[in-house]
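The structure appears right after this line, and notes come after that.
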Amino acid sequence: MSGLIGKKLGMTSIFDTSGRSIGCTVIEAGPCFVTQIKESKTDGYKSIQLAYDEKKSKKTTKALKGHFDTSKVTPKKKIIEFRNFKDEFSDKVKLGMKINIEDIFNENEFLDVTAISKGKGFQGVVKRHNFGGVGQSTHGQHNRNRHPGSIGAGSTPSRVFKGMKMGGRMGGERIKIQNLKILKILSDKNLIYVRGSVPGSNNSYVVLSN
Amino acid sequence: MDIKLNTENVELRKTFPEFGAGDTINVLLKIREGNKERIQQFQGTVIQRKNVGSNGETFTIRKISDSIAVERIIPIFSPSIERIELIRKGKVRRSRIYYLRKRKGKLARIKEKI
């Protein structure tokens, strides 16, 4: 899996060649810097560690500073490891190397986006599990429109089965959206336009991979 | 960077005449039929402009065609717009003149702004 770390900037719309308007997400992707290279000989597996987003040296711990110094990269906010990076890359990759969008992604190809979704708080079963709610709102039924209904039988088994879908905390979890089309790449501004929506709030980190 | 309005769209907007609700405009639209491309004209009164200042800005244009009212919503940055011509400035008090939909004949007239 090769990829980049980025930041979701927000949504907008652009026109395709046939003149249709397409909703898309703008992501600032990279430039990322290689901070560590793991080899199967020394670490048991192959991977590349990338860092993204400038950070004040004052706000970096000494331990992290030492880590960045070994690759001669200025301190960064987000560090993520990518296993089995692109084959043609693995030979060329050097510590401290800069990786841009066009090194990895091309227009009209597809990519996956991983991010933490927006937290929704404590939600009922209708929103959280797409339940239909309890039937009618007339004919004597008066206050159970969005309830789950029955959660199981009585004396047998006289308990609620594990994993029963109920209300609870929703959102704020790691979600991967697969096969989003790359509509446009602005390499001078490090921007990438991706068709459709992407999890998370604006200005939150996303991981782009293919 | 401001992603709400692309810089190329800012440039594109300068090529259009300034128009708003109440104005009569003529929109020249590129229509593709098979491999041929032709220009279709749509002339009418602007009812509203929506989402001004964003890439998704649209305007609604209304005309009476053979006693049947036709409204079209057109994205202003659409590549199928060839040209927009301002024909007549209208004097209206509202930015969205929905009341025009209920009016017929003489009542549906709009005074010209001079």
Side-chain angles (χ1 to χ4, degrees), chain A residues 4-32 52-54 100-102 105 107-108 111 113 115 118 180-206 208, chain B residues 1-16 19 25-44 46-62 70-85:
Chain A
L4 277 179
I5 314 168
K7 200 187 257 182
K8 174 178 170 180
L9 294 185
M11 290 193 73
T12 182
S13 61
I14 57 173
F15 292 96
D16 70 357
T17 43
S18 61
R20 283 186 309 168
S21 170
I22 299 171
C24 56
T25 311
V26 187
I27 298 169
E28 189 193 72
C32 294
Y52 165 73
D53 212 3
E54 217 57 45
N100 291 316
I101 308 176
E102 63 267 25
F105 301 115
E107 272 178 35
N108 294 323
L111 53 68
V113 176
K118 279 185 186 173
L180 295 172
K181 197 178 183 187
I182 304 171
L183 299 173
K184 201 157 84 171
I185 289 177
L186 301 176
S187 43
D188 54 329
K189 287 175 188 156
N190 295 313
L191 294 181
I192 187 164
Y193 285 64
V194 157
R195 185 181 179 137
S197 57
V198 154
S201 59
N202 289 352
N203 295 319
S204 62
Y205 292 111
V206 295
L208 313 169
Chain B
M1 196 199 95
D2 189 22
I3 56 162
K4 282 273 172 253
L5 188 62
N6 291 349
T7 39
E8 57 254 47
N9 282 351
V10 175
E11 293 301 313
L12 190 62
R13 197 165 53 177
K14 285 176 191 159
T15 62
F16 300 137
F19 65 91
I25 59 169
N26 189 15
V27 187
L28 285 86
L29 293 157
K30 281 179 257 181
I31 306 266
R32 256 205 125 77
E33 281 169 344
N35 295 324
K36 271 194 275 178
E37 204 176 63
R38 64 178 181 88
I39 302 285
Q40 187 189 62
Q41 298 196 25
F42 195 93
Q43 186 175 334
V46 178
I47 287 195
Q48 61 176 350
R49 279 179 79 158
K50 264 193 167 179
N51 306 322
V52 180
S54 78
N55 292 328
E57 181 179 346
T58 58
F59 60 92
T60 308
I61 178 167
R62 179 187 169 90
V70 181
E71 277 185 24
R72 274 192 87 157
I73 303 167
I74 305 171
I76 200 162
F77 300 122
S78 166
S80 50
I81 295 183
E82 167 84 17
R83 197 165 73 241
I84 298 177
E85 292 163 348

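Within the 4.5 angstrom heavy-atom criterion, no atom of A/Ser21 approaches chain B. Contacts between B/Ser78 and chain A at a heavy-atom distance below 4.5 Å involve backbone atoms as well as side-chain atoms.
For the options A/Thr17, A/Thr12, A/Asp16, heavy-atom pairs under 4.5 Å to chain B are most numerous at A/Thr12.
The environment of A/Asp188 atom CG is dense: over 12 non-hydrogen atoms of other residues, nucleotides or ligands sit within 6.0 angstrom. Around the CZ atom of A/Arg195, the shell of radius 6.0 Å holds no more than 12 heavy atoms that belong to other residues, nucleotides or ligands. Annotation: B/Lys50, atom NZ; neighbour count of heavy atoms from other residues, nucleotides and ligands within 6.0 Å does not exceed 12. At most 12 heavy atoms of other shown residues, nucleotides or ligands fall within 6.0 angstrom of atom NZ in A/Lys118.
Contact detail for A/Phe15 and B/Pro79: the closest heavy-atom pair is CG-CD, 3.4 Å.
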